[in-house]
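In what follows, a structure is listed as structure tokens, so that the remarks can point back to it.
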Amino acid sequence: MIDMLILAEKASAAKHMAKAFGGTTGNVGGKTYKIVHAHGHLMEFKEPEKMVATEADKQRYSSWTDMQTMPWNQADFSWAKTYTKAYNAYTKKSKSTRADVAAIKAEAANAQAILIATDNDPSGEGDLLGWEIVNAIKWQKPVYRIRFADETPKSLNKAMQQMVEITDQFKQGEYLKSDARSKWDFLSMQLTRISTYAARQAGYRVKVINQGRLKSVIVLKIWQQQQLIDNYVKTPYFEAKFKDPAGHIFARKLKDDARKQAARFADETSGQADVAQYTKSPVTNIKREHKTQAPGALLDLAKLGSLLAQQGFNSKEVLATYQKMYEAEIVSYPRTEDRKITQEQYNELLPVVDTIATVVGVDPQLLTHRVLRSKHRASSAAHGANRPGIKVPKSMAELAKYGPSAQAIYKTLAANYLAILGEDYEFDRITAELQLYPDFKTGFNVPVKLNYRAIFDDTEQVATEVKSPSAVVGPDAAPFMYQGANPKPTRPSADWIGKFLEKHNIGTGATRLSVQAQLISGKNAFINEKRGFYTLTQPGTIAAVLVRNTWIGSPSITKQLFDHMDAVGKLNEAPAVVIDSATKVIAHDLPLILNNSQELAQFVGKQSAARTTKKYRPKPKAQGQYQDGPTVEFNSTWSGHKFSAEEIRSLLQGDVISFNATSKYGKTYTATGSLKQQTFKGKKFWGFKADFGK
DNA sequence: GCAAGGTC
């Protein structure tokens with residue numbers, strides 16, 4: 001008989017505990033122990049119709065069409081749980097957790113107590129997961145709890161010294177709050193039945209129209225943004241600005257609408273008349289300020305996914321490959337929410353950073369900053385930000401076996417991490433204004449020392465940063481007419497949705513990504529993904545239109561749920577209040593969804609019609625004789641660059657040319673290439689072809 | 001056929 005059975009959440013945690021306590025079995029703090037582990041939730045609620053007692057209720061609760069039964073009466077439910085039937089998307093196998101629970105039960109038979117040992121996640125998910133197992137094996141003896149800040153030996157041993165008894169689960173706030181959360185979410189499945197029914201009633205032959213706290217909010221947000229894009233009308237304006245001989249632009253800061261109104265003109269003639277009021281002016285008040293900037297935040301999986309999307313890897317592939325690399329301990333735990341690391345986690349990786357640098361081709365001499373900056377340090381981070389693992393691959397080539405994106409994952413992850421070992425980026429901030437019109441100012445940065453940016457460049461936009469700018473400002477600047485336009489709404493993307501969910505605290509690091517992956521995959525996908533950019537499919541559009549103006553489609557519903565959960569966690573509110581709030585949401589949204597279905601024809605129809613009748617807009621062409629041979633015609637712009645007359649001449653001679661191009665993500669880069677005959681969808685055409693190397 | 005939360 002051992003003193004305690006230590007129950008870990010997953011295999012990797014059990015392994016780290018074995019390392020910290022001196023084996024899978026042994027003695028820690030004067031108590032004998034054995035470590036076992038689950039893999040996530042081993043139990044989940046039974047189907048609704050299997051949680052009710054009477055035959056009549058079984059009938060009602062299995063219906064997808066009886067709107068009179070909803071909202072469900074939670075008093076009818078036993079809230080009984082059953083073994084999780086987890087479908088693994090990578091192995092494509094469905095497996096019950098029955099055997100896992102039985103194995104834990106067998107081990108528990110030899111123990112005096114069970115110790116639930118998970119990280120200190122305040123949502124209480126670890127408590128729920130532990131209690132599900134403890135209840136499933138009908139355990140009647142004492143239950144203890146430890147919570148740890150991270151899985152390093154030091155933190156695990158520290159946690160062990162702060163063990164508490166929690167045998168009465170109904171007095172444990174963390175358990176009560178996550179139990180309430182799970183019931184709230186379970187009840188929200190009614191909205192899927194309601195939406196599926198509503199769409200079919202409106203004549204759409206849909207499979208299932210899924211709705212939930214995450215799904216509905218994501219899909220509605222994309223739809224609303226698509227509406228903004230579809231209804232966007234480009235409105236050009238004309239505004240007086242100045243330019244000095246080196247090309248620095250001097251403009252007014254137009255903070256509010258009134259100022260914009262006064263300075264911008266809708267027509268060119270008025271704009272020109274405005275510009276004519278100004279004369280050339282000397283440049284004055286030139287200031288040069290030396291500044292530094294520390295490396296940016298570390299990555300989480302959502303951010304890593306969006307970076308790799310730009311390289312053409314889809315989120316599903318990245319998730320699968322990352323998982324394999326995690327199992328090989330080459331990278332850290334995937335499903336973290338952390339963007340920081342603990343001092344312990346930093347110390348653990350320090351001995352191998354030079355080796356990692358060598359493997360990914362970063363100069364180890366750049367890694368001189370050996371103190372963890374406070375902006376990257378957390379006192380508690382269960383797994384820490386996504387980063388390289390302690391096991392370092394011998395070469396990049398070795399990684400290929402994990403998947404197509406493995407090398408890109410490792411390179412990005414390693415460079416991002418190593419950047420925090422680089423010194424701050426140094427630059428000069430240069431500002432100046434016009435002597436005659438001091439409202440017109442310029443400001444730009446000139447790089448002095450790249451430092452960490454030579455390891456990992458985290459600049460998203462090339463805002464006022466000039467790659468090789470002239471630091472010489474003035475001596476004077478001349479007025480010119482600047483033509484601008486109201487900005488086009490952002491295209492929905494994985495990154496954009498990720499930021500939105502994070503801002504509203506909707507979902508966790510793990511679910512934000514897995515829900516998006518669900519919405520993107522399968523025959524009934526709601527989202528089309530292309531290089532990280534999102535558009536809605538027809539069922540996706542239906543799902544979105546149905547939840548317009550509903551509570552489930554609103555980000556604030558999660559906030560309300562979490563506020564209630566916090567009160568439950570502090571034992572200030574009865575869990576029943578949380579569950580009642582779910583019923584209120586159903587009661588509120590049911591008539592709205594049925595009503596919204598009358599608008600489906602308008603939006604779903606209209607949108608597909610607009611797509612098919614979209615006019616083809618011809619692109620500006622250049623033409624000429626190619627190398628004394630055929631007369632060819634080709635697009636006169638390429639990746640944001642308009643070929644000059646001279647470049648067109650060079651291209652027609654067959655020369656290789658280089659120019660500054662802008663990617664669709666706004667990055668500028670040097671493109672090199674020549675005019676070539678190419679094939680697209682079986683059609684031959686002439687056009688510039690960049691030489692991107694291999 | 002349903003949620004979100006874990007996990008692989």
Side-chain angles (χ1 to χ4, degrees), chain A residues 8-14 37-51 61-65 70 72 81 83-95 97 100 118-119 121 123-133 177-197 199-200 206-218 319-328 333-337 382-383 501 506-516 518-519 522-524 539 543 552 557-558 561-562 565 582 585-586:
Chain A
E9 177 169 341
K10 52 179 174 281
S12 60
H37 68 85
H39 41 264
H41 285 284
L42 298 187
M43 307 297 291
E44 64 189 3
F45 290 126
K46 290 183 174 177
E47 301 289 300
E49 61 273 21
K50 289 180 180 162
M51 289 201 295
Y61 283 100
S62 56
S63 169
W64 282 61
T65 50
M70 289 181 260
W72 291 338
K81 294 203 174 182
Y83 304 102
T84 303
K85 285 176 290 299
Y87 175 74
N88 186 324
Y90 309 126
T91 62
K92 293 189 174 157
K93 279 179 192 161
S94 219
K95 190 175 160 283
T97 54
D100 303 284
T118 73
D119 65 73
D121 171 7
S123 76
E125 212 59 45
D127 299 80
L128 177 59
L129 192 150
W131 276 111
E132 282 167 349
I133 297 164
K177 78 191 275 193
S178 55
D179 181 58
R181 196 277 310 147
S182 69
K183 288 172 179 164
W184 197 105
D185 284 328
F186 184 86
L187 290 171
S188 73
M189 74 164 58
Q190 292 172 79
L191 295 160
T192 294
R193 293 189 180 184
I194 296 166
S195 294
T196 306
Y197 172 78
R200 288 182 186 173
V206 297
K207 196 166 175 256
V208 178
I209 301 298
N210 308 67
Q211 305 287 5
R213 267 192 308 121
L214 275 80
K215 293 186 169 99
S216 305
V217 167
I218 292 170
L319 280 174
T321 301
Y322 194 107
Q323 175 71 21
K324 285 181 200 147
M325 291 166 76
Y326 157 64
E327 285 163 21
Y333 180 76
R335 294 167 288 273
T336 183
E337 263 184 287
H383 303 99
L501 295 175
I506 301 172
T508 65
T511 53
R512 274 173 208 151
L513 229 71
S514 74
V515 169
Q516 286 185 66
Q518 277 175 39
L519 292 171
K523 281 182 186 162
N524 195 36
I552 197 66
I557 207 72
T558 287
L561 170 63
F562 285 10
M565 278 169 56
V585 172
I586 312 298

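Chain identifiers are assigned alphabetically (A, B, ...) following the order of the sequence lines, protein sequences preceding nucleic acid strands; residue numbering begins at 1 within each chain. In this text the structure is predicted, and so the values were computed from the model without any measurement.
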Exercise. Is A:Asp100 touching bases, backbone alone, or none of the nucleic acid, heavy atoms closer than 4.0 Å?
Worked result: nothing

Exercise. Of the nucleotides B:dG5, B:dG6, B:dG1, which one has an atom closest to the side chain of A:Glu9?
Worked result: B:dG6

Exercise. With a 3.5 Å cut-off and no angle check, do the side chains of A:Glu9 and A:His39 form a donor-acceptor pair?
Worked result: no

Exercise. Which is true for A:Ser514 with a 4.0 Å heavy-atom rule: it touches a base, it touches only sugar-phosphate, or it touches nothing?
Worked result: nothing

Exercise. Starting at CZ of A:Arg335 and ending at P of B:dC8, how long is that distance when rounded to a whole Å?
Worked result: 5 Å

Exercise. Nearest of B:dA4, B:dC8, B:dA3 to any side-chain atom of A:Thr511?
Worked result: B:dA4

Exercise. Taking only N and O in the side chain of A:Tyr197, is any of them less than 4.0 Å away from OP1 or OP2 of B:dC2?
Worked result: no

For this session: Under 4.0 Å between any heavy atoms, over every strand shown, what does A:Glu49 touch: base, sugar-phosphate, or nothing? Just pick one.
Result: base

Problem set entry | Contacts of type ring-ring contact (aromatic ring centres under 6.0 Å, His included), residue A:Phe186, not counting sequence neighbours | A:Phe45, A:Trp79

Exercise. For A:His383, which residues count as a ring-ring contact (aromatic ring centres under 6.0 Å, His included) partner, sequence neighbours excluded?
Worked result: A:Tyr333

Exercise. Looking across every strand, which nucleic acid part, if any, lies under 4.0 Å from A:Gly507 by heavy atom: base, sugar-phosphate, or nothing?
Worked result: sugar-phosphate

Exercise. Rounded to the nearest Å, what distance is computed from the NZ atom of residue A:Lys85 to the P atom of nucleotide B:dG1?
Worked result: 11 Å

Problem set entry | Along DNA chain B (nearest heavy atom to each residue), the more 5'-positioned of A:Glu327 and A:His41 | A:His41

Problem set entry | A:Val208, nearest nucleotide to its side chain (from B:dG1, B:dG6, B:dA3) | B:dG1

Exercise. So, do A:Trp64 and B:dG1 meet the stacking rule of ring centres under 5.5 Å and planes under 30°?
Worked result: yes

Exercise. Is any N or O donor-acceptor pair between the side chain of A:Glu47 and the base of B:dC2 shorter than 3.5 Å?
Worked result: yes

Problem set entry | Sub-4.5 Å side-chain heavy-atom contact between A:Tyr61 and A:Met51 | no

Exercise. What is the distance, rounded to the nearest whole Å, between atom NZ of A:Lys207 and atom P of B:dC2?
Worked result: 6 Å

Problem set entry | Spacing of A:Ile586 atom CD1 relative to B:dA3 atom P, expressed in whole Å | 12 Å

Exercise. Between B:dG6 and A:Thr508, is there an OP1 or OP2 to side-chain N/O distance shorter than 4.0 Å?
Worked result: yes

For this session: Find the distance A:Lys81:NZ to B:dA4:P and express it as a whole number of Å.
Result: 16 Å

For this session: Walk me through it: do A:Met189 and A:Trp72 pass the test side chain to side chain contact (heavy atoms under 4.5 Å, CB included)?
Result: CA-CA 11 Å; A:Met189 74 164 58; A:Trp72 291 338; 3.9 Å; yes

Exercise. If you look at every strand shown and take non-hydrogen atoms under 4.0 Å, does A:Arg193 touch a base, only sugar-phosphate, or nothing?
Worked result: base

Exercise. OP1 or OP2 of B:dC8 sitting under 4.0 Å from any side-chain N/O of A:Lys10?
Worked result: no

Exercise. Of all the choices, B:dG6, B:dC8, B:dA3, which nucleotide is nearest to the side chain of A:Glu125 once you look at every atom?
Worked result: B:dG6

For this session: May I ask you to check whether A:Thr508 and A:Thr511 show a side-chain donor-acceptor distance below 3.5 Å?
Result: yes

For this session: Taking only the side-chain heavy atoms of A:Met189 (C-beta and beyond), determine which of B:dA4, B:dG6, B:dC2 contains the nearest atom.
Result: B:dC2

Exercise. Any idea which of B:dG5, B:dG6, B:dA3 is nearest the A:Leu214 side chain?
Worked result: B:dG5

Exercise. Do the side-chain N or O atoms of A:Asn210 get closer than 4.0 angstrom to the phosphate oxygens (OP1, OP2) of B:dA3?
Worked result: yes

Problem set entry | Integer-rounded Å distance: B:dT7 P and A:Leu128 CG | 13 Å

Exercise. Can you check the A:Met70 CE to B:dA3 C1' distance for me, whole Å?
Worked result: 14 Å

Problem set entry | First of A:Glu337 and A:Thr192 reached from the 5' end of DNA chain B, by closest nucleotide | A:Thr192

Problem set entry | Minimum-distance nucleotide to A:His39 side chain [options: B:dG5, B:dA3, B:dC8] | B:dC8

Exercise. In whole Å, what is the span from the CD atom of A:Gln516 to the P atom of B:dA3?
Worked result: 16 Å

For this session: Using a heavy-atom cut-off of under 4.0 Å over every strand shown, decide if A:Tyr333 touches base, sugar-phosphate, or nothing.
Result: sugar-phosphate

Exercise. Which is true for A:Ser188 with a 4.0 Å heavy-atom rule: it touches a base, it touches only sugar-phosphate, or it touches nothing?
Worked result: sugar-phosphate

For this session: Indicate whether any N or O donor in one side chain lies under 3.5 Å from an N or O acceptor in the other, for A:Gln211 and A:Arg193.
Result: no

